Number of protein chains: 2
Amino acid sequence: MTAVQTDRSLSRTSARTQARIVEAVVEAVAQHGISGTTLANVAALAEVSQGVLIFHFKSKEGLFAETLRRLIDEYQQGWQAALTEPDALQRIVKLVRSDFAAAICNRKTLALWFAFWGEAAAQPLYNAICAESEIHRYEAMIAACRAFCETNKGETCDPALLAHSIDAMTDGLWLQMHISAKSLSRHDARSMAMAHLRLLLPKWADAIPQ
Amino acid sequence: MTAVQTDRSLSRTSARTQARIVEAVVEAVAQHGISGTTLANVAALAEVSQGVLIFHFKSKEGLFAETLRRLIDEYQQGWQAALTEPDALQRIVKLVRSDFAAAICNRKTLALWFAFWGEAAAQPLYNAICAESEIHRYEAMIAACRAFCETNKGETCDPALLAHSIDAMTDGLWLQMHISAKSLSRHDARSMAMAHLRLLLPKWADAIPQ
DNA sequence: TATTTTAAACTGAGCGCTCAGTCAAAAATT
DNA sequence: AATTTTTGACTGAGCGCTCAGTTTAAAATA
């Protein structure tokens, strides 16, 4: 039996099959929603038998949890790349822009995020996984904001308020991209996020890209 | 057979039962999520038999659709009260504040919104119902913004951008209230929405309440 | 007003079906 | 040869929904 967790002894074929299955879950959720996603349609999309899903992930819940973990991992890899930026303001800019990267900010991925958020209120497991990732991301943002505020002592600058406002705007743009009839493109959304940053930090507006 | 639609000839007992059933759906979704909500647990919460659910709403999907329609109706009644305000800026303020009213902005109701949004990507019916309500609301907001921009011709003022930015911030605050570990209260969220408005309209900051 | 008639509202057992998960055997990999 | 991986038929639980029948309430009649 192969463990679901990051297991170093995972063979190459097994890893590939698991990746294919998780990809099938993403597709299934995009097509049918979480409540319409069954082992049968995931197996069909992955072109494997139902048995193999349970063999690799133990249960349907385990399969969903692993899918959520990989979704979060991919998201984290995106924003953590921004942390190498030495300048605090540019680090904030990069953190925000990472939320609108093509790999993160597309129809299928957003559908997955909102599917899990929709269930998270009732499913403590999903809630816990989401909450942990959210904390990490928020701490990175507030650290950047704190560093930024320190670089201009003259100004009144509340890092927590700044971070909250930035994150709220990003989340709101995600929601609009997800549900909006007037389909908001990720480029437009990113522009609005940047415009919001310029409003928050008018003195540094010139240093914030379009 | 009693029709589901707003039927003037709906008897008092029937109306009361239907309301009780819809209330049970809200509770069931909050407790188990959409995918965990069954006719059996809704019937148990409403203290009626399963048969009566189908009698009144035809199908499980019909029951969910009616619940969504009532959710939207209640939301609309909230924000449409703001339209009586003659002053454009104060109308914008009231529209925003209506999103943070206790009846709209509470754990159970937010959970319901996000449950439907999570499924909407895959369920054309929910998507259509949500989209229609969203259009109405957006048009009210952009009309208010347009009226506001006209009252101060000297300034550069883009009503569409203004409306989008305001709605995005509200949506983002809703999302944070729903998923956030650091539970954001609706009063704090409302304060942030007002702060965002003051940023957008610095010249009129004094006219925007805390 | 008291009684009968009719329709609406509701019940709960149960049907057909799909679901998540099992298992013995086969195939592929090491 | 031993182990891992995959198959696919299978199971029992639980699902949405039906329906024959009962109760309640409203309308019609006397």
Side-chain angles (χ1 to χ4, degrees), chain A residues 1-25 28-29 31-68 115 119 122-123 125-126, chain B residues 1-25 28-29 31-67 119 122-123 125-126:
Chain A
M1 224 268 284
T2 310
V4 167
Q5 293 81 3
T6 30
D7 187 342
R8 298 297 155 211
S9 69
L10 206 72
S11 83
R12 209 163 301 140
T13 60
S14 175
R16 228 179 291 149
T17 305
Q18 288 187 16
R20 202 147 66 106
I21 291 170
V22 169
E23 191 47 51
V25 173
V29 171
Q31 276 179 28
H32 315 108
I34 279 198
S35 68
T37 295
T38 62
L39 293 184
N41 57 36
V42 170
L45 282 167
E47 293 180 304
V48 294
S49 75
Q50 288 191 38
V52 83
L53 304 188
I54 301 301
F55 171 77
H56 283 292
F57 301 99
K58 209 180 153 214
S59 67
K60 191 192 186 187
E61 193 185 35
L63 175 54
F64 274 135
E66 180 61 18
T67 304
L68 178 53
E119 290 291 298
Q123 282 273 6
L125 178 60
Y126 302 158
Chain B
M1 224 267 286
T2 312
V4 167
Q5 293 80 2
T6 31
D7 187 344
R8 300 294 156 214
S9 69
L10 206 72
S11 82
R12 209 163 301 140
T13 61
S14 174
R16 229 179 291 149
T17 306
Q18 289 187 15
R20 202 148 65 107
I21 291 170
V22 168
E23 190 49 50
V25 174
V29 171
Q31 277 181 26
H32 313 109
I34 279 197
S35 67
T37 296
T38 63
L39 294 184
N41 57 37
V42 170
L45 282 167
E47 294 179 303
V48 294
S49 74
Q50 289 191 37
V52 81
L53 305 188
I54 301 301
F55 172 76
H56 282 293
F57 300 99
K58 210 180 150 216
S59 68
K60 191 191 185 187
E61 193 185 35
L63 175 54
F64 274 134
E66 180 62 18
T67 304
E119 290 291 297
Q123 281 273 7
L125 178 60
Y126 302 158

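All figures in this text were calculated on a predicted structure; none of them were measured in a lab.
For the pair Phe55(A) CZ and dA26(C) P, the computed distance is 18 Å after rounding to whole Å.
Proximity of Thr67(B) to Val29(B): side-chain heavy atoms (C-beta onward) are nowhere separated by under 4.5 Å. Between Glu66(A) and Val25(A), the closest side-chain pair of non-hydrogen atoms is not below 4.5 Å.
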Leu125(A) and Leu68(A): side-chain contact (heavy atoms from CB on, under 4.5 Å), yes or no, with the steps? CA-CA 10 Å; Leu125(A) 178 60; Leu68(A) 178 53; over 6 Å; no
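How far CZ of Phe64(B) is from CD1 of Ile34(B): 5.0 Å, rounded to the nearest 0.5 Å. Note that the NZ atom of Lys60(B) and the CG atom of Leu53(B) stand 11.0 Å from one another [nearest 0.5 Å]. Rounding to the nearest 0.5 Å places CZ of Phe55(B) at 9.5 Å from OG1 of Thr17(B).
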Which protein N or O atoms sit under 3.5 Å from an N or O of nucleotides 17-25 of chain C?
| residue | atom | partner | partner atom | Å |
| --- | --- | --- | --- | --- |
| dA20(C) | OP1 | Lys60(A) | NZ | 2.6 |
| dA20(C) | OP2 | Leu39(A) | N | 2.9 |
| dG21(C) | OP2 | Lys60(A) | N | 2.6 |

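In this structure, Ser14(A) reaches the dT5(D) phosphate: one of its side-chain N or O atoms is under 4.0 Å from OP1 or OP2. Phosphate contact (OP1/OP2 of dT6(D), side-chain N/O of Thr17(A), threshold under 4.0 Å): present. An OP1 or OP2 oxygen of dT4(D) is reached within less than 4.0 angstrom by no side-chain nitrogen or oxygen of His56(A).
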